[in-house]
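To start, the structure itself, in structure tokens.
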2 protein chains.
Amino acid sequence: MVDVARQAGVSLKTVSRVINNEAGVHEGTAARVHEAVSRLGFRRNDVARNLRRGLSTASIGVLVEDIAHTACSALTWAVEQAAREHGHLVLVGSSDQDPVRERELFSAFVSRRVDGLIIVPAGDDHRYVAREMLLGTAAVFVDRPSGRIAADAVLSDNAGGARAAVDHLLAHGHRRIAVVGERPGIYPIRERVAGYRAALTKAGIAVDERLIRVDRAREGFTDRIALDLLEGDDPATAVVTLSNLMTVAMLRTIRREGRRVALVGFDDFESSDLIEPAVTVVAQDPMALGRTAASLLFARLAAESRSIERIVLPTRLITRGSGEIPPP
Amino acid sequence: MVDVARQAGVSLKTVSRVINNEAGVHEGTAARVHEAVSRLGFRRNDVARNLRRGLSTASIGVLVEDIAHTACSALTWAVEQAAREHGHLVLVGSSDQDPVRERELFSAFVSRRVDGLIIVPAGDDHRYVAREMLLGTAAVFVDRPSGRIAADAVLSDNAGGARAAVDHLLAHGHRRIAVVGERPGIYPIRERVAGYRAALTKAGIAVDERLIRVDRAREGFTDRIALDLLEGDDPATAVVTLSNLMTVAMLRTIRREGRRVALVGFDDFESSDLIEPAVTVVAQDPMALGRTAASLLFARLAAESRSIERIVLPTRLITRGSGEIPPP
DNA sequence: CTGAAAGCGCTTACAG
DNA sequence: CTGAAAGCGCTTACAG
């Protein structure tokens, strides 16, 4: 900027005025500055600008589990659209489900003075986030609530989705409904299992713990579990799968064994309607999660004191065939 | 930092020494500083730090077509991993295939003084990038080459992939092979069509222009084209589809019409092996694209003068069934 | 309409 | 081992 000022024969302040389109600069002066700017290839340093202005860096951080996962990238996309409307840029980081990595990324983002963060949390203790929130960094949690602190959160109605899946299978005559999943510790899975239990109980069916197979995934895990569930005296006639991975694995076993088993899978996926039978799913809306979280974040950035909000977004049962197979 | 210095009763410089773990600070002094830091919730402002140090902001920008697309998010993931190894943070932006938007994002990134950018270009004139490259911003293009400037690029072997697809269908006895795609203007599609032509020509088969249906997608486009290709006196017995969208659309029509047509699709997709018949594809490796681009970028950031590189990554034909259907 | 001085929160180069 | 001064590239508040 000093070079531009010298080149144009004006003061720093005048250059500043011109590059920021402030009113009250003589036309000729402005022209000289513009010429100097383009001759020198000058470009305002927004880092210095933001530092001096002392407020916003006009950037937000998105901390997801894994940006390569469809749900995370859809969420990020929605956040980016909202950020654009507010003139903000988006930093991304993948925690890889590691609370330590999550905290490192959080720290790096805050040191860069992002105005706020949208977090799909991996850990379950976010008191380190609360400290920064006190100092003015906004944070909204998505998909899972924050741990040990009060903070805005946008969640899917996981329990409701599971209830809908079970109710649907019950309506088609099933009584032996299994649930298969992995990562039992995380919030959405716990909620879904709770929803499963609730729906059965409400229907007056005793929950058979042997039909609940939610455990850390291991080699060959699903295949063995699938065989377990489908064989024996009193086999499952229907399955609710709690992740795409489980859905696909279960379908493979069912097909290989030549069984007819009803299936409702959690999370919609590309070409779920090209499979035979097409897969009935409980769909979440990751873009809506991102959009809602972003609007919460920007609302918080705009208004100093807001009460903490928890928003739960509905899930949707999409019937395509696999969930409408009757019991034998 | 001033507050911390006052609180600890030391100078600014000493605080700086402590928070940056510089050697040569008395233990007791350091302890006092640390205490002040945690009492005040102090956190080093990396924005100011980077400004003063005058070099790197330790951040890079990733400019993709659409972060919600699987290929883009996989690429971004790989870039993020590399960035992490180099202590860099990642800014993302989706151009939505709009050259104007691409340029705006580029400009915003450069104003934030990212050290470099990885760009999946939408436009075909990147002279505005060259200007910044001269001033020290590194840039690597991915998936498509830069337009009107010389720059590093990492590409997939699109032509080779298309040749492999056609050769595979020829080997299974097909002579009437169609190619169906959208977005004819973009580089990967042009390359694939060129590969298609080359393979047929090499096999001594005259190219029938009626079998090349690559056009901007319109309502009902694919379905009508599919019917066109599959009917008439001399129908296509095999199809190469140039995108997931086309693959899925074509499969739907084929299934609805009860045809037996061989198909090789461009780009692998989730559950392509659960469809009946499982889908033979030409797979790219978006993570490898991202990884390679990132290592090129960081190499360029490390070494002042490097010659410009263009790296072409191989594609892979994955046979699963749909591409091995013989002609009637 | 234009400019000189101070300052954002840090680090660098130097002195003690 | 510790500190006072200058400066990174801008903007703010004030004066002319």
Side-chain angles (χ1 to χ4, degrees), chain A residues 1-34 36-37 40-59 87 107-115 132 135-137, chain B residues 1-34 36-37 40-59 87 107-115 132 135-137:
Chain A
M1 207 158 116
V2 169
D3 298 337
V4 173
R6 189 177 310 138
Q7 174 86 223
V10 297
S11 76
L12 268 183
K13 176 60 210 175
T14 299
V15 176
S16 175
R17 281 195 184 93
V18 173
I19 61 180
N20 292 307
N21 290 316
E22 281 174 40
V25 178
H26 194 88
E27 213 172 90
T29 318
R32 284 213 313 285
V33 172
H34 276 131
V37 163
L40 268 45
F42 170 81
R43 159 162 247 135
R44 185 181 66 196
N45 184 334
D46 282 357
V47 174
R49 178 170 207 247
N50 290 329
L51 175 63
R52 181 56 243 250
R53 301 180 82 198
L55 347 121
S56 158
T57 54
S59 60
S107 184
F109 284 167
V110 173
S111 288
R112 301 300 181 96
R113 295 296 191 269
V114 293
D115 297 329
E132 302 300 334
L135 271 54
T137 307
Chain B
M1 208 159 114
V2 169
D3 298 336
V4 172
R6 189 177 310 137
Q7 175 87 223
V10 297
S11 76
L12 268 183
K13 175 62 211 174
T14 299
V15 175
S16 175
R17 282 195 183 92
V18 173
I19 61 179
N20 292 308
N21 290 315
E22 281 174 41
V25 179
H26 195 84
E27 214 171 88
T29 317
R32 284 214 312 288
V33 172
H34 277 130
V37 163
L40 269 45
F42 171 81
R43 159 160 246 137
R44 185 180 67 197
N45 184 334
D46 282 357
V47 173
R49 179 172 206 246
N50 289 330
L51 175 63
R52 178 60 242 250
R53 301 179 81 198
L55 344 122
S56 160
T57 54
S59 60
S107 184
F109 284 168
V110 172
S111 288
R112 300 298 181 95
R113 295 298 191 268
V114 294
D115 297 331
E132 303 301 332
L135 270 53
T137 307

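Computed from heavy atoms alone, side chains included, the values below leave out hydrogens, waters and symmetry copies. Labels below follow one simple rule: chain letters A, B, ... track the order of the sequence lines, proteins then strands, and each chain is numbered from 1.
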Once you round it to whole Å, what is the distance between [atom2] of [N] and [atom1] of [X]?
X        : N       : atom1 : atom2 : answer
Asn50(A) : dG9(D)  : CG    : C1'   : 12 Å
Met1(B)  : dA4(D)  : CE    : P     : 13 Å
Leu51(B) : dC8(D)  : CG    : C1'   : 4 Å
Asn45(A) : dG9(C)  : CG    : P     : 17 Å
Arg49(B) : dG9(D)  : CZ    : C1'   : 18 Å
Leu12(B) : dT11(C) : CG    : P     : 10 Å
Leu40(B) : dG9(C)  : CG    : C1'   : 15 Å

Across the strands shown, which category fits Val10(B) at heavy-atom distances under 4.0 angstrom: base, sugar-phosphate, nothing? sugar-phosphate
Treating Arg113(A) as the side-chain partner and Ala48(B) as the backbone partner, does any N or O pair qualify as donor plus acceptor under 3.5 Å? no
Nearest-0.5 Å distance that lies between atom CE in Met1(B) and atom CD1 in Ile19(B): 5.0 Å
The side chain of Val25(A) is closest to which nucleotide in this list: dG9(D), dT11(D), dT2(C)? dT2(C)
Among dG3(D), dC10(D), dC10(C), the one nearest Ser11(B) by side-chain distance: dG3(D)
Stems formed with participation of DNA chain D [Watson-Crick or G-U wobble, under 3.5 Å, three or more pairs]: C:1-3 with D:14-16, C:5-12 with D:5-12, C:14-16 with D:1-3
Taking every heavy atom of Val2(B) against every heavy atom of Leu12(B), the minimum-distance pair comes out as N-CD2, 3.9 Å
side-chain N/O [X] vs [N] OP1/OP2, d < 4.0 Å:
X        : N       : result
Asn20(B) : dT11(C) : yes
Thr29(B) : dC1(D)  : no
Thr14(A) : dG3(C)  : yes

Of Leu40(A), Val37(A), Val15(A), which is the lone residue that meets side chain to side chain contact (heavy atoms under 4.5 Å, CB included) with Asp3(A)? Leu40(A)
Listing time: all N or O pairs from protein to nucleotides 12-16 of chain D that are below 3.5 Å?
none

Does the side chain of Glu22(A) come within less than 4.5 Å of Lys13(A)'s, by heavy atoms? yes
Val10(A) vs Val33(A) side-chain heavy atoms within contact, under 4.5 Å: yes
Let me know which of Arg44(A), Arg43(A), Arg49(A) forms a salt bridge (Lys or Arg N to Asp or Glu O under 4.0 Å) with Asp46(A). Arg44(A)
Contacts of type side-chain hydrogen bond (donor to acceptor under 3.5 Å, both in side chains), residue Asn45(A), not counting sequence neighbours: none
Pair Thr14(B)-Thr29(B), side-chain contact (heavy atoms from CB on, under 4.5 Å): steps then yes or no: CA-CA 8 Å; Thr14(B) 299; Thr29(B) 317; 3.9 Å; yes
